[in-house]
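Each chain gets a letter, A, B and so on, in the order its sequence line appears, and its residues count up from 1.
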There are 2 protein chains.
Amino acid sequence: MSEIDLTTLRIVRAVADEKTLSGAAALLGYSQPAVSQHLSRASARLGQPLVIRAGRTVRLTEAGAVLARHAVTVQSALDAANGEISELGGLRSGAVRVAAFPTASATVVPRLLGAMAARYPGVRLSYVEVEPPEALDLLRNGRADLAITFRYPDDWSDPHARYPDELTMAPLFDDEVLIAEPAAEDRDGSRTTLQQYSSSEWIAGCPQCRGNLLQACQTAGFQPRIAHETDNAAAVLGLVANGLGVAQLPRLALSSVTVPEEVRLVRVAGMPSRTVHAVALSAARGVPAVDAALLAAVELDVGDWTSPA
Amino acid sequence: MSEIDLTTLRIVRAVADEKTLSGAAALLGYSQPAVSQHLSRASARLGQPLVIRAGRTVRLTEAGAVLARHAVTVQSALDAANGEISELGGLRSGAVRVAAFPTASATVVPRLLGAMAARYPGVRLSYVEVEPPEALDLLRNGRADLAITFRYPDDWSDPHARYPDELTMAPLFDDEVLIAEPAAEDRDGSRTTLQQYSSSEWIAGCPQCRGNLLQACQTAGFQPRIAHETDNAAAVLGLVANGLGVAQLPRLALSSVTVPEEVRLVRVAGMPSRTVHAVALSAARGVPAVDAALLAAVELDVGDWTSPA
DNA sequence: GCTCAAACATAACGCAGAGTTATGAATCAC
DNA sequence: GTGATTCATAACTCTGCGTTATGTTTGAGC
């Protein structure tokens, strides 16, 4: 709506510098008639001439001088904006807000943030620890840029599934789920199955993990008796060590705690492993910092969380 | 050149305010697809998204926020420029630099400047006194906006004629040229002719006026003997009053001095009158202050300079 | 859980505006 | 006067930015 456009400002400025339309045209990479015609149009729009031909050259009117003066302000604001956007594009600035589940806090997240900080010193990093469903909500609300989540196969309430195309998910690794049992308990050499724990008391934590447990036990043909509830891996191990029950624990949860002697970890057939993902909004693809964080996540070395401890 | 255009800035700003593309479109008078497509193009140009769709609404990315922030600066600069140009257009600001010949300094110019000052208090006025040829040079050099000049008919060196289309000339009035002679000299009742002064001594001033005198005398068949040279009307009258010669004097020059008793003013057949003009550069037509000054000049009441004193 | 309204995306299209080249006219320097 | 420089005008092309029409998704309310 404004009768003033950027081209006019740039042209007037160039004319002010060069004192000639030809010079201005050359300076801006235009043909001479382009400048001439553009100024005519602009003058018509503004209702008064911007330049006055003076012999062979040209000089600005007061209106032209006004534009030339303000052109400087506009140009520098534009340059500043361009510069800042370039910095975002070049990952010399920007921000990544990561949301991840508790077990990742001590493992995946520090490594990820470390890698990002090393590669892109200018990028601001922040982290919040929440369970996967909340992490996805944060993404959707625009309060986080990258979520590190896990999902269990066949999870009927998997929050990822609720937003099919909205999320871009990059699988990072498989996180095997082990059973922690008291080392004192008798074990024959036979292959372990979940069925063997049908009469055990269970220690279970977060709803999502518990969901997986219930699902697996149902498949195995029994319903687990959950006697103790905690999310804390160290606490779970303590309970197990003292013979108070058995528990499922992902390998990732074990990698940042010391496993007591009294606890034995066993792989159980039919116990589905969970998968850990880096998740971003599909709509946020293209945002440099988000793309970089996703890439950094899939490039993480995850060997020590996948090979047996 | 710059990947950023004003429309993008205005749209991003509107989106920042409205939180929705539809709202922004309505705010700006666009259709909704226009906003959507424009943002797509802008994102492509900038290499990163400006908005992220969040459910049914939308929110800005960091890049978008950068633009929205700088948009304020740009907009206010543009508004300022627009405002200043409107003031020029509305004659609440601007400048008129007038150049006029000495005789006009005490007559036409004060009245003109007075009228302008009264009508347009915001317009800056300035004045320089120069002879017509210099006044036209000032116009051409851009050092004056309006010239008050005179011209004699059949003046072979008329400076106005050198720039045929470059100048816009508005005739103000005819300035009759009289002969000042000592009142003591005998005069019969017959009609006065220039021929009668062929043996007189003349007092003459500026080259242009003298040119006219020479021209007229040549037509009358003699060459005037110029004994005294001055431009000053009072001085001329003093010389005439003391019987030192005769002189041609335009009525305008007489209107600001007192004519001594000893001087008689006579109209002479064949003495061409000069015409007074307001002159501006044709190229400056359209400049509000110049147009207004030209108009004010032709609207001046010139009665007391044209009717016999 | 279904339906409806609101919001964004995509497609197809029309038009204006801004650039181009070619050419003419005026000015200034030598 | 002559040639170089500069601006103006004409005629044309084409990109880009709007439009309308239509489809898809989301979220609220019954």
Side-chain angles (χ1 to χ4, degrees), chain A residues 1-11 14-15 18-45 49-60 64 136-137 140-142 162-167 281-283 285-286, chain B residues 1-11 14-15 18-45 49-60 64 136-137 140-142 162-167 281-283 285-286:
Chain A
M1 302 306 93
S2 174
E3 295 94 350
I4 305 174
D5 65 322
L6 289 184
T7 309
T8 302
L9 289 182
R10 289 191 300 123
I11 287 181
V15 170
E18 295 284 322
K19 318 286 190 197
T20 129
L21 302 195
S22 304
L27 190 66
L28 298 174
Y30 286 140
S31 64
Q32 171 264 316
V35 172
S36 178
Q37 292 177 120
H38 195 102
L39 286 174
S40 297
R41 285 191 297 265
S43 297
R45 273 199 299 272
L50 297 178
V51 297
I52 287 185
R53 202 175 154 167
R56 198 155 57 165
T57 75
V58 97
R59 66 169 196 280
L60 294 181
L136 297 182
D137 283 343
R140 288 166 46 81
N141 296 340
R162 277 216 290 275
Y163 319 112
D165 300 321
E166 189 173 344
L167 301 176
L281 287 183
S282 300
R285 296 304 304 271
Chain B
M1 303 278 96
S2 174
E3 294 95 351
I4 305 175
D5 64 321
L6 288 183
T7 310
T8 302
L9 289 182
R10 289 192 302 123
I11 287 181
V15 170
E18 296 283 322
K19 320 286 190 197
T20 128
L21 302 194
S22 303
L27 190 65
L28 298 174
Y30 286 141
S31 64
Q32 171 263 317
V35 172
S36 178
Q37 292 177 120
H38 194 102
L39 286 174
S40 297
R41 286 192 295 265
S43 296
R45 274 200 297 272
L50 297 178
V51 297
I52 286 186
R53 205 178 150 166
R56 198 151 60 164
T57 75
V58 98
R59 67 169 197 280
L60 294 180
L136 298 182
D137 284 343
R140 290 167 44 83
N141 295 340
R162 277 217 291 274
Y163 320 111
D165 299 322
E166 189 174 344
L167 301 175
L281 288 183
S282 300
R285 296 305 305 271

Measure [atom1]/[X] against [atom2]/[N] and give the value in whole Å, please.
X	N	atom1	atom2	result
A/L21	D/dC7	CG	P	4 Å
A/L6	C/dG19	CG	P	12 Å
A/N141	D/dT26	CG	C1'	14 Å
B/L39	D/dC17	CG	C1'	13 Å
A/Q32	D/dT6	CD	C1'	7 Å
B/R53	C/dA7	CZ	P	11 Å
B/L60	C/dC8	CG	P	12 Å
A/I52	D/dA8	CD1	P	12 Å

(message) With heavy-atom distances below 4.5 Å as the criterion, would you say the side chains of A/L50 and A/H38 are in contact?
(response) no
(request) Kindly indicate whether the side chain of A/V58, heavy atoms from C-beta on, has any atom under 4.5 Å from the side chain of A/L39. (result)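 They are not in side-chain contact.
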Phosphate contact ([N] OP1 or OP2) by [X] side-chain N/O below 4.0 Å:
X	N	result
A/T57	D/dT6	no
B/S22	C/dC8	yes
B/S31	D/dG18	no
A/T20	D/dC7	yes

If I take atom [atom1] from residue [X] and atom [atom2] from residue [Y], how far apart are they, to the nearest 0.5 angstrom?
X	Y	atom1	atom2	value
A/L28	A/R10	CG	CZ	6.0 Å
B/T7	A/L6	OG1	CG	8.5 Å
A/L21	A/S31	CG	OG	11.5 Å

(request) Locate the shortest heavy-atom distance separating B/A54 from B/R59; write the atom from each residue and the value. (result)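 Minimum heavy-atom contact is CB-NH1, 3.5 Å.
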(request) For A/A24 and A/A14, work out which heavy atoms get closest and say how close. (result) CB-CB, 3.7 Å
Using modelled atom types only, decide if a donor and an acceptor are shared between the side chain of [X] and the backbone of [Y] within a distance under 3.5 Å.
X	Y	answer
A/T57	A/T20	no
A/R53	A/G55	yes
A/R140	A/G142	no

(request) Report yes if a donor N or O on one partner sits less than 3.5 Å from an acceptor N or O on the other, where the partners are the side chain of A/Q37 and the base of D/dA8; otherwise report no. (result)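 Per atom types, no contact qualifies.
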(message) Of the options D/dA8, D/dT26, D/dA4, whose atoms approach the side-chain atoms of B/R56 most closely?
(response)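 So the side chain of B/R56 is nearest to D/dT26.
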(request) Using heavy atoms to find the nearest nucleotide of DNA chain C for A/I11 and A/P33 separately, return the residue whose nucleotide is more 5′. (result)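 The residue closer to the strand's 5' end, by nearest nucleotide, is A/I11.
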Name the pairs: protein N/O against N/O of nucleotides 15-18 of chain C, kept only if under 3.5 Å.
residue, atom, partner, partner atom, Å
C/dA18, OP2, A/R41, NE, 2.8

(message) Please report the end-to-end axis angle for the helix from C/dG1-D/dC30 to C/dC30-D/dG1, five pairs per end, rounded to 10 degrees.
(response) 30°
